[in-house]
Amino acid sequence: MFAVGIVAPRGTFDIMPDDAGLWQFVEGLVRETFEKCGYREIRTPMFEHTELFERGVGSTTDIVEKEMYTFKDRGGRLITLRPEGTAPAVRAFVEHGLASRALPAKLYYMGPMFRYERPQAGRYRQFHQFGMEVMGAAGPEADAEVIAVPLEIFRAMGIQDVVVNLNSIGCPSCKPAYRQRLQEAYAPVLGRLCPSCKSRYDRNPLRLLDCKSEECRAALPEPPTIFGQLCPECSAHFDGLRRLLDKLGVGYVINPRLVRGLDYYTKTTFEYNVGGIGSQDAIGGGGRYDGLVEECGGPPTPGVGVACGMERCVLAAQANAADQEYQAGMDVFIVSLGEAARERAFELAHGMRREGLAVDFDMIGRGLKAQMRYADKMRARFVAILGDDELATGEATVKDMSTGEQTRIAQAELAACVRRQ
RNA sequence: GUGGAUGUAGCUCAGGUGGCUAGAGCAUCAGAUUGUGGCUCUGAGGGUCGUGGGUUCAAGUCCCAUCAUCCACCCCA
């Protein structure tokens, strides 16, 4: 710890070299999978005008009400560290006129998000998400793809037993009637609801559904579901989505209480849950947002997307799979004895690196044994020893660290010799 | 924002009812092996006992406060 006691801020953490290999593995998997499916990366700023999230995510959401990192910059602009990836992606889609280029636009992103919450297992103030967005595709094929592709990534990571929760929350033509029906159903028991649900009753009645408090569940154990009230279009969309998921063999649970905390969703909402990572068991979620592009100043454009929490995925992968080694190791470590040999080692190492090999050498003039130990810890496949003898003849002693076999070869042959094995 | 638990070495943790220079394992470094890693043995370095105050002849230990971490609630990734 630092003398002045400075540590990483609350809710943040360092990914240290021992863990970075695993993260690189996950990141590579995400990229590879998305690109294989025809998605292209978009990188948006880490902060945006606060207004984007207030309008896009919705002013009654927990994110906007109490979780945003918002501040005034030196120019007096109101700025917010991005709490999620969809609103910025939509903003960029509109700003750069992607709507008038080839549709659908299939985008993916990966990077840090920020929410001011009390940290706990699987929850941080700076966390990482990967996600995908399809804009300009109204049919259920887009929803089905957006649900299926992350499952592919989970599977490749070794995450088992992912439960897909699925729901539809309707569209502007059928949602209002359902909202009203919910309010009517809850009206008689309003006095028995928890304080936050009392305010939800007026502001965002759908959120009454996903309150987990005992009192609210007891007040109305079986609230009316939307399924009888979906308009023909939403109903057909939902059926179509289910058919496609069945075709892919993707299992799911219909959960009429799955509302999700973002206001922009229409029709499809879904969430992935796993066990064994603490009480925050959602590793990803998403849904359709057919009005969002227009809301952000673009032409009417349907959209659907998903976002997954990378640290929760990593936790789930570690809970399932045994510890795996993701560190690369290196091809050759050059051991040098004496100053002249060290200079030669430096020269040889850089030359071999130019030939594409992973090579390191001793920089601090330690003894032979210490250098050997270090080479072993760095998991070098070969060690090349340079001492006075080798220096005199222009050779090196090459040791295969897995077998212990040793040979002397010309220094000029080193790279070729290593590459052969 | 609310509740609970926990803060002793880089890491994981011991230290009944207060009492000598605060310990172990792992890790690091070195030696055993004067030019050879892993295994073994030996040794060394490394500690404001989270911080501040209080009680006491005496506090890592008891009391209060504070900060931090973890877990849970809310909600979400």
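Residue numbering restarts at 1 for every chain, and letters A, B, ... go by the order of the sequence lines. Atom set for the values below is all heavy atoms of this structure, side chains included, hydrogens, waters and symmetry mates excluded. The structure presented is a predicted model; accordingly, all values stated were derived computationally and were not measured.
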Looking at [options], which one has an atom nearest to any side-chain atom of [X]?
X        : options                : result
A/Lys377 : B/rU36, B/rC75, B/rC29 : B/rC29
A/Leu262 : B/rC74, B/rG38, B/rA77 : B/rA77
A/Lys399 : B/rC75, B/rU36, B/rG35 : B/rU36
A/Asp376 : B/rA77, B/rG37, B/rG35 : B/rG37
A/Arg207 : B/rC75, B/rG38, B/rC74 : B/rC75
A/Glu271 : B/rG35, B/rC75, B/rA77 : B/rA77
A/Phe127 : B/rA77, B/rC73, B/rG35 : B/rA77
A/Arg366 : B/rG37, B/rA77, B/rA30 : B/rA30
A/Gln120 : B/rA72, B/rC70, B/rU36 : B/rA72
A/Arg115 : B/rU36, B/rC75, B/rA77 : B/rA77

Under 3.5 Å donor-acceptor pair, [X] side-chain atoms to [N] base atoms:
X        : N      : value
A/Glu390 : B/rG35 : yes
A/Lys66  : B/rG1  : no
A/Arg118 : B/rU2  : yes
A/Arg312 : B/rC76 : yes
A/Glu117 : B/rA77 : yes

Determine the Euclidean distance between corresponding [atom1] atoms of [M] and [N]; express it in Å to zero decimal places.
N      : M      : atom1 : value
B/rC73 : B/rG10 : C1'   : 34 Å
B/rA68 : B/rC74 : P     : 24 Å
B/rA27 : B/rC11 : P     : 15 Å
B/rU21 : B/rG25 : P     : 23 Å
B/rG31 : B/rG53 : P     : 45 Å
B/rU66 : B/rG3  : P     : 12 Å
B/rU28 : B/rC39 : P     : 10 Å
B/rC41 : B/rC49 : C1'   : 32 Å

Sugar-phosphate only, base, or nothing, as touched by [X] at under 4.0 Å among non-hydrogen atoms:
X        : answer
A/Tyr124 : base
A/Ala370 : sugar-phosphate
A/Gly278 : sugar-phosphate
A/Asp389 : base
A/Ile385 : base
A/Cys211 : sugar-phosphate
A/Ala121 : sugar-phosphate

Exercise. Toward the 5' end of RNA chain B, which comes first, A/Asp400 or A/Arg123, by nearest nucleotide?
Worked result: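 The residue closer to the strand's 5' end, by nearest nucleotide, is A/Asp400.
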Exercise. Taking for each residue the nucleotide of RNA chain B with the nearest heavy atom, is it A/Gln129 or A/Pro119 whose nucleotide lies nearer the 5' end?
Worked result: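 Checking each residue's closest nucleotide, the 5'-ward one belongs to A/Pro119.
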State the pairing partner of [N]; accept Watson-Crick or G-U wobble contacts with both distances under 3.5 Å, and report none otherwise.
N      : value
B/rU17 : none
B/rC39 : none
B/rC73 : B/rG1
B/rA68 : B/rU6
B/rA22 : none

Exercise. Which of parallel (below 30°), tilted (30 to 60°) and perpendicular (above 60°) describes A/His128 and A/Phe13?
Worked result: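 Perpendicular: the ring planes of A/His128 and A/Phe13 meet at over 60°.
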For this session: On the 0 to 90° scale, with breaks at 30° and 60°, tag the A/Phe34-A/Tyr108 ring pair as parallel, tilted or perpendicular.
Result: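 Rings of A/Phe34 and A/Tyr108: tilted, as their planes differ by 30° to 60°.
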Taking only side-chain N and O atoms of [X], does any of them lie within less than 4.0 angstrom of OP1 or OP2 on [N]?
X        : N      : value
A/Ser279 : B/rC73 : yes
A/Gln280 : B/rC73 : yes
A/Arg260 : B/rA77 : yes
A/Lys369 : B/rG37 : yes
A/Ser196 : B/rC74 : no

For this session: Decide if the gap between the ring center of A/Tyr116 and the ring center of A/Tyr69 is smaller than 6.0 angstrom.
Result: yes
Problem set entry | Pair A/Phe333 and A/Phe382, ring centroids less than 6.0 Å apart | no
For this session: Could you verify whether a donor N or O on one side chain and an acceptor N or O on the other, from A/Thr80 and A/Thr70, lie under 3.5 Å apart?
Result: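 Yes - a donor-acceptor pair under 3.5 Å links their side chains.
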Using whole Å, what does the distance between atom [atom2] of nucleotide [N] and atom [atom1] of [X] come to?
X        : N      : atom1 : atom2 : result
A/Asn204 : B/rC76 : CG    : C1'   : 15 Å
A/Asp18  : B/rG10 : CG    : P     : 17 Å
A/Arg125 : B/rC76 : CZ    : P     : 18 Å

[X] side chain vs [Y] backbone, donor-acceptor pair below 3.5 Å:
X        : Y        : result
A/Arg353 : A/Val359 : yes
A/Arg55  : A/Thr50  : no
A/Asn255 : A/Asn165 : no
A/Asp400 : A/Glu405 : no

For this session: Give me the residues of residues 402-421 of chain A where at least one heavy atom lies under 4.0 Å from an atom of RNA chain B, by number, or none.
Result: A/Gly404, A/Gln406
Exercise. Are A/Arg91 and A/Glu48 side-chain neighbours, meaning at least one heavy-atom pair lies under 4.5 Å?
Worked result: yes
Exercise. Out of A/Tyr252, A/Phe270, A/Phe227, which one pairs with A/Phe238 under the ring-ring contact (aromatic ring centres under 6.0 Å, His included) rule?
Worked result: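 Among A/Tyr252, A/Phe270, A/Phe227, the one that satisfies the ring-ring contact (aromatic ring centres under 6.0 Å, His included) with A/Phe238 is A/Phe227.
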For this session: Measure across A/Pro205 and A/Tyr201 and return the closest heavy-atom pair with its distance rounded to 0.1 Å.
Result: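 Scanning both residues completely, I find the closest heavy atoms to be CG-O, 3.5 Å.
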